[in-house]
Undergrad: 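Let me begin by handing over the structure; questions about it come next.
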Amino acid sequence: MPRKVCIAVDQSETSQNALKWAARSVVNPGDKVALFTVLHPSPESELQAGVGAAAGGVRTAPIPVRVEADPKDLQQTQAFLEGCKQQVVAAGVQPEAVETRALVALLGNSADVGREIIRQAEACGCESLVMGSRGLGLSKKALMGLLGVGSVSDYVLRHAPCSMVLYKDKPQS
């Protein structure tokens, strides 16, 4: 029975290294793979939805809303995801077994991006989730915590509905 593996990607070097590592070390040729990335909402979408910086950084709309990414960003992201898909296909996974999806976070902060990753992992029913981590040191994480912001990878690690692999680049000497 094929496994379902989710890989959250972005255009950072660490994320790209995580994708290469996952294609080599985690994904098997018979697996189904869901590749996805999370975009920030467009300013226009934030205004219409009553969320984000344009609305003072808080959600003001009383009903559930749907935010959208900037169309130009979405087009670039689709091309980026296609390149990611080709890396997984090159590792032996059938092209039809790899799905790609661009998601849009409601607010675009790290917790909201993390929530979108968790929602996608739950919706996919994946056995494992792979993503990269920037590898902030304890002092930077502590400072971010004091400021009320955290890392996406920390959020996902705490809330993942499945096994999680957090890829970190080797320190450069």
Side-chain angles (χ1 to χ4, degrees), residues 1-28 30-41 46 51-53 57-59 64 66-67 69 73-74 77 80-81 83-85 87-88 91 93 97-173:
M1 181 174 203
R3 296 179 307 150
K4 182 75 175 223
V5 178
C6 289
I7 305 173
V9 295
D10 62 35
Q11 295 188 23
S12 70
E13 183 178 355
T14 299
S15 182
Q16 290 304 293
N17 291 340
L19 172 63
K20 290 174 190 168
W21 177 82
R24 252 188 354 260
S25 305
V26 176
V27 177
N28 295 319
D31 291 343
K32 293 184 182 291
V33 178
L35 288 168
F36 56 90
T37 192
V38 181
L39 300 171
H40 295 282
E46 285 182 328
V51 298
V58 295
R59 183 159 192 260
R66 179 187 157 119
V67 293
D73 290 345
L74 192 55
T77 298
F80 163 71
L81 286 171
C84 293
K85 178 178 179 174
Q87 290 184 52
V88 174
V93 177
V98 182
E99 67 177 81
T100 61
R101 180 164 291 145
L103 309 169
V104 183
L106 183 62
L107 298 175
N109 61 37
S110 58
D112 212 52
V113 171
R115 274 190 284 278
E116 286 302 317
I117 292 171
I118 296 300
R119 281 187 195 118
Q120 183 64 25
E122 289 170 342
C124 287
C126 62
E127 283 185 38
S128 58
L129 171 63
V130 179
M131 64 183 285
S133 171
R134 292 185 297 170
L136 297 175
L138 286 175
S139 60
K140 286 184 183 176
K141 281 187 181 181
L143 178 61
M144 289 175 71
L146 289 172
L147 296 173
V149 294
S151 75
V152 173
S153 57
D154 281 348
Y155 182 91
V156 174
L157 190 58
R158 284 192 314 271
H159 297 92
C162 58
S163 297
M164 165 126 191
V165 178
L166 197 55
Y167 175 90
K168 292 175 78 171
D169 281 324
K170 293 179 182 175
Q172 296 185 2
S173 41

Undergrad: Can you name the residues that form a salt bridge (Lys or Arg N to Asp or Glu O under 4.0 Å) with Asp31, not counting sequence neighbours?
TA: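 Partners of Asp31 by the salt bridge (Lys or Arg N to Asp or Glu O under 4.0 Å) criterion, ordered by chain and then number, come out as Arg3.
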Undergrad: With a cut-off of 3.5 Å and sequence neighbours excluded, list every side-chain donor-acceptor pair involving residues 116-130.
TA:
from, atom 1, to, atom 2, distance (Å)
Glu116, OE2, Arg119, NH1, 2.4

Undergrad: If every non-hydrogen atom of Ser12 is compared with every non-hydrogen atom of Asp10, which pair is closest and at what distance?
TA: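 Minimum heavy-atom separation between Ser12 and Asp10: OG-OD1, 2.6 Å.
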Undergrad: Nearest 0.5 angstrom please: Tyr155 OH to Asp112 CG, how far?
TA: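 With rounding to 0.5 Å, OH (Tyr155) is 8.5 Å from CG (Asp112).
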Undergrad: Using the test side chain to side chain contact (heavy atoms under 4.5 Å, CB included), find all partners of Leu157 that sit at least two apart in sequence or belong to another chain.
TA: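 If we apply the side chain to side chain contact (heavy atoms under 4.5 Å, CB included) test to Leu157, skipping adjacent residues, the hits are Met164, Leu166.
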Undergrad: Output all residues satisfying ring pair (Phe, Tyr, Trp, His ring centres under 6.0 Å) with Phe36, sequence neighbours left out; order by chain, then residue number.
TA: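 Ring pair (Phe, Tyr, Trp, His ring centres under 6.0 Å) check on Phe36 returns nothing, list empty.
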Undergrad: To the nearest 0.5 Å, what is the distance between SG on Cys6 and NZ on Lys32?
TA: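 These two atoms lie 12.5 Å from each other.
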Undergrad: Show me, pair by pair, the donor-acceptor contacts under 3.5 angstrom made by side chains of residues 18-27, not counting sequence neighbours?
TA:
from, atom 1, to, atom 2, distance (Å)
Trp21, NE1, Ser25, OG, 3.3
Ser25, OG, Trp21, O, 3.3

Undergrad: Please report the interatomic distance CD1(Ile7) to CE(Met131), rounded to the nearest 0.5 Å.
TA: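 Reported value, rounded in 0.5 Å steps: 12.0 Å.
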Undergrad: Please report the interatomic distance OG1(Thr14) to CG(Asp169), rounded to the nearest 0.5 Å.
TA: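 Between atom OG1 of Thr14 and atom CG of Asp169 there are 4.0 Å.
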Undergrad: Could you report the tightest heavy-atom contact between Ser15 and Val9, atom names first, then the distance?
TA: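 Minimum heavy-atom contact is OG-CA, 3.2 Å.
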Undergrad: Run the salt bridge (Lys or Arg N to Asp or Glu O under 4.0 Å) test against Lys85 and tell me which residues pass, sequence neighbours left out.
TA: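 Here no residue qualifies.
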